[in-house]
Amino acid sequence: MGVNIYDVAKKARVSSATVSRVMNGSPYVRETTKSRVVKAIAELDYTPNAVARKLSTGDTGSIGFLVPDIENPFFTHLLRGITDAADKHGYNIFLCSTEDSAEKERRYLASMRAERMSGMLVIPVEAGSESLCRALTAFETEHVPVVLVDRSLRHGRFDGVFSEDFRGAMAAVECLIGEGHRRIATISGPEDSRPGSERRQGYAAALSKWGIPLEERYIAQGDFHQERAYEAMHMLMEQEEPPTAIFSANNMTSLGCVRYFREKGLRLGSNVSLIGFDDIDLLRWAGIPLSVVDRDTCRMGRDAVKLLVRRMQSGADTGREEIFIPTELILRGSEKWRGGPNAAL
C-alpha cells in the first residue's frame with residue numbers, strides 16, 4: 001500500500017489537515033511545523049493524488065493539448081516548447097492527435113472535460129466550427145482557461161498564440177518577384193484555417209503590390225498534406241505555360257513539391273524556384289537547400305503555456321490576449337532561377 005497523507009501527518013507529528021494546508025501553501029502554518037511536514041514528505045517520498053489535489057485546490061496539474069497531425073514536424077517542435085514550459089511550471093501535458101477530424105476533436109474534448117484539465121491548448125480542426133466554440137466556452141465557464149495555438153476560431157473570443165502568416169507569405173513571394181519571376185504559383189492551405197487564409201492573402205498582396213495579375217490557374221488548393229501537394233504539382237507544372245516559381249504554404253506541402261521535382265529531374269534554384277513556409281530538418285540533412293519562411297516554433301509553444309498559466313493563476317477574465325510570433329525569410333538558394341539543363345536534385 002502506498003504512502004498517504006495520514007502517514008505524513010504521523011511522521012511529522014501533526015494533523016492531516018495541517019499537512020494539507022502545507023501542501024496548499026497556506027500562510028497560517030508556523031515555519032517550524034512547515035519544516036517538519038516538508039521533511040516528512042521528502043523522507044516518505046509522498047506524492048499527493050492528482051484527484052485529491054483537484055478537490056482541495058481546483059488544480060489537477062494537467063494541461064490538455066489537441067493537435068491536428070502529430071506526424072507533422074511543426075507540431076512536434078511546438079510540443080517541445082509546450083512541454084519545456086509546462087515542466088517549469090509544474091504541469092503535465094495530455095496530448096491528443098485529432099488527425100484533422102472534427103469527430104475525434106469532439107470526443108477528445110469530452111474526455112478531457114471529464115478528466116478535469118486545469119487548462120486547454122487547442123489547435124482547431126475547423127475555424128468556423130460553432131460546436132467547438134461552444135465546447136471551449138463550456139471549459140471556460142467551468143474556470144478552465146483555453147488558449148488557441150496557430151489556428152483561430154471565427155466564433156467566440158479566446159486567447160491565442162499565432163504567427164505572422166500574412167507578412168511571412170508576402171515576403172517570400174516578393175523575394176521570388178525580385179529574382180525575376182512573374183509566373184508564380186502557390187499551393188495554399190485550407191481556406192477555413194487562419195494560416196491557410198492569411199498565407200494565401202499574403203501571396204496575393206505581393207503580386208498586387210508589384211502589378212502582377214493574380215491568375216487562378218496558378219493557385220492550387222492544398223490541405224497542408226504532402227499527397228495533395230504532389231497531385232497539385234502535376235496540375236500546375238503540366239500547363240502550357242507552367243509557373244517558374246512556387247510558394248508552398250507549409251512544410252508538408254513543400255515535401256510534396258520536392259518529390260515532384262525529383263521525379264521530373266528539375267533542379268531547385270536552376271530550372272524552377274521554390275520557397276516554403278516552415279523549415280524542414282529532413283531536407284537540410286539530405287543536403288537539399290530549401291529557402292523557407294521560418295518562425296520560432298518552440299517559442300510559440302512556450303508562450304502558449306505562459307499565457308495559459310497566467311490565466312489559470314489569475315482566475316479572472318482580464319480581456320483577451322493574442323500573441324504574434326514574427327517570421328524570418330531564410331534563403332538557401334532554391335529561390336534562384338538560373339535556367340540551365342535539367343539535373344537531378
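On a predicted model such as this, the values are computed, not experimentally measured, just so you know. Residue numbers start at 1 and run along the sequence shown.
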J.: Is there a side chain to side chain donor-acceptor pair (under 3.5 Å) between Ser129 and Ser131 once you walk through the steps?
T.: CA-CA 5 Å; Ser129 174; Ser131 61; 3.2 Å; yes
J.: Answer yes or no: is there an ion pair linking Asp294 with Arg299, defined by an N-O contact shorter than 4.0 Å?
T.: no
J.: Could you tell me if the side chain of Ile288 sits less than 4.5 Å from the side chain of Leu282, heavy atoms only?
T.: no
J.: Taking Ser334 for the side chain and Leu274 for the main chain, is one N or O donor matched with an acceptor at less than 3.5 Å?
T.: yes
J.: Between Pro124 and Ser152, which heavy-atom pair has the shortest distance, and what is it?
T.: CG-O, 4.1 Å
J.: Can we call the ring centroids of Phe139 and His143 under 6.0 Å apart?
T.: no
J.: Would you call Arg217 and Glu241 a salt bridge, taking side-chain N to carboxylate O under 4.0 Å as the test?
T.: yes
J.: Is Met170 reachable from Phe162 through a run of hydrophobic residues whose side-chain heavy atoms are each under 4.5 Å from the next?
T.: no
J.: Is any NZ, NE, NH1 or NH2 atom of the basic residue among Asp165 and Arg194 found under 4.0 Å from an Asp or Glu carboxylate oxygen of the other?
T.: no
J.: Just by modelled atom types, is the Pro145 backbone N or O under 3.5 Å from a matching donor or acceptor in the Arg311 side chain?
T.: no
J.: Closer than 4.0 angstrom, basic N to acidic O: yes or no for Glu130 and Arg154?
T.: no
J.: Does CZ in Arg167 sit with more than 12 non-hydrogen atoms of other residues, nucleotides or ligands closer than 6.0 Å?
T.: no
J.: Less than 4.5 Å apart, side chain to side chain, heavy atoms only: is that true for Asp69 and Phe75?
T.: yes
J.: Transitively linked via ILVMFWY side-chain contacts under 4.5 Å: Leu136 with Val125?
T.: no
J.: Would you say the side-chain atoms of Thr98 pair up with the backbone N or O of Lys104, donor to acceptor, closer than 3.5 Å?
T.: no
J.: Judged by atom type as modelled, is there a donor-acceptor pair below 3.5 Å linking the side chain of Arg295 to the main-chain atoms of Thr327?
T.: no
J.: Quick one: NZ on Lys336 to CZ on Arg267, what's the gap to the nearest 0.5 Å?
T.: 14.5 Å
J.: With the 4.5 Å side-chain cut-off for hydrophobic clustering, are Ile123 and Ile82 part of the same group?
T.: yes
J.: Looking only at heavy atoms, what is the nearest atom pair of Pro73 and Met252, with distance?
T.: CD-SD, 3.9 Å
J.: How many angstroms lie between CG in Asn251 and CZ in Phe74, if you round to the nearest 0.5 Å?
T.: 8.5 Å
J.: Do Thr244 and Val272 make a side-chain contact, defined as non-hydrogen atoms from C-beta onward lying under 4.5 Å apart?
T.: no
J.: Report yes or no: does Arg320 contribute a side-chain atom to a donor-acceptor pair with the main-chain N or O of Arg157 at less than 3.5 Å?
T.: yes
J.: According to the side chain to side chain donor-acceptor pair (under 3.5 Å) rule, which pairs have a member within residues 252-261, sequence neighbours left out?
T.: Glu227-Arg259, Ser248-Ser254, Asn250-Thr253
J.: Between Cys257 and Met233, which heavy-atom pair has the shortest distance, and what is it?
T.: SG-SD, 3.7 Å
J.: Between the side chains of Arg332 and Asp279, is the shortest nitrogen-to-carboxylate-oxygen separation below 4.0 Å, so that they form an ion pair?
T.: yes
J.: Quick check against the 3.5 Å criterion: does Ser208 have a side-chain atom that pairs as donor or acceptor with the backbone of Ala204?
T.: no
J.: Treating Ile, Leu, Val, Met, Phe, Trp and Tyr as nodes and any side-chain heavy-atom pair under 4.5 angstrom as an edge, say whether Phe224 and Ile70 lie in one connected cluster.
T.: no
J.: What's the verdict on side-chain contact (heavy atoms from CB on, under 4.5 Å) for Asn92 and Ile63, showing C-alpha distance, side-chain angles and the deciding distance?
T.: CA-CA 6 Å; Asn92 299 313; Ile63 294 173; over 6 Å; no
J.: Which pair of heavy atoms, one from Gly189 and one from Ala249, lies closest together, and at what distance?
T.: N-CB, 3.7 Å
J.: So Leu79 and Thr83, side-chain contact (heavy atoms from CB on, under 4.5 Å) or not? Walk me through it.
T.: CA-CA 6 Å; Leu79 178 61; Thr83 53; 3.8 Å; yes
J.: Salt bridge check, Arg310 against Glu321: does any charged N sit closer than 4.0 Å to a carboxylate O?
T.: yes
J.: Which heavy atom in Gly265 sits nearest to a heavy atom in Asn271, and how many Å separate them?
T.: O-OD1, 4.2 Å
J.: Hydrogens and angles aside, do Gln201 and Ser197 bring a side-chain donor and acceptor to less than 3.5 Å of each other?
T.: yes
J.: To the nearest 0.5 Å, tell me how far Leu121 CG sits from Leu78 CG.
T.: 8.5 Å
J.: Measuring from atom NE2 of His77 to atom CG of Asp278, what distance do you get when rounded to the nearest 0.5 angstrom?
T.: 9.0 Å
J.: Counting neighbours of CD on Glu71 that are heavy atoms of other residues, nucleotides or ligands and sit closer than 6.0 Å, is the number greater than 12?
T.: no
J.: Do Ser270 and Trp337 have side-chain heavy atoms sitting under 4.5 Å apart?
T.: no
J.: Say whether, by atom type as modelled, one donor and one acceptor occur between the side chain of Glu174 and the main chain of Ala171 under 3.5 angstrom.
T.: no
J.: Does Phe166 belong to the same Ile/Leu/Val/Met/Phe/Trp/Tyr cluster as Ile187, with side-chain heavy atoms less than 4.5 Å apart forming each link?
T.: no
J.: Got a salt bridge between Arg284 and Asp281, using NZ or NE/NH1/NH2 to carboxylate O under 4.0 Å?
T.: yes
J.: Each residue besides Leu214 in its hydrophobic cluster should be listed here, by chain and number; the cluster joins Ile, Leu, Val, Met, Phe, Trp and Tyr at side-chain heavy-atom distances under 4.5 Å.
T.: Val173, Leu176, Ile177, Ile184, Tyr203, Leu207, Trp210, Ile212, Tyr218, Ile219, Phe247, Ile275, Phe277, Val293, Leu329, Leu331
J.: Look at the side chain of Ser273 and the backbone N and O of Glu335, then say whether any donor-acceptor pair between them is shorter than 3.5 Å.
T.: yes
J.: Regarding Thr32 and Ser35, is there a side-chain donor-to-acceptor distance under 3.5 Å anywhere?
T.: no
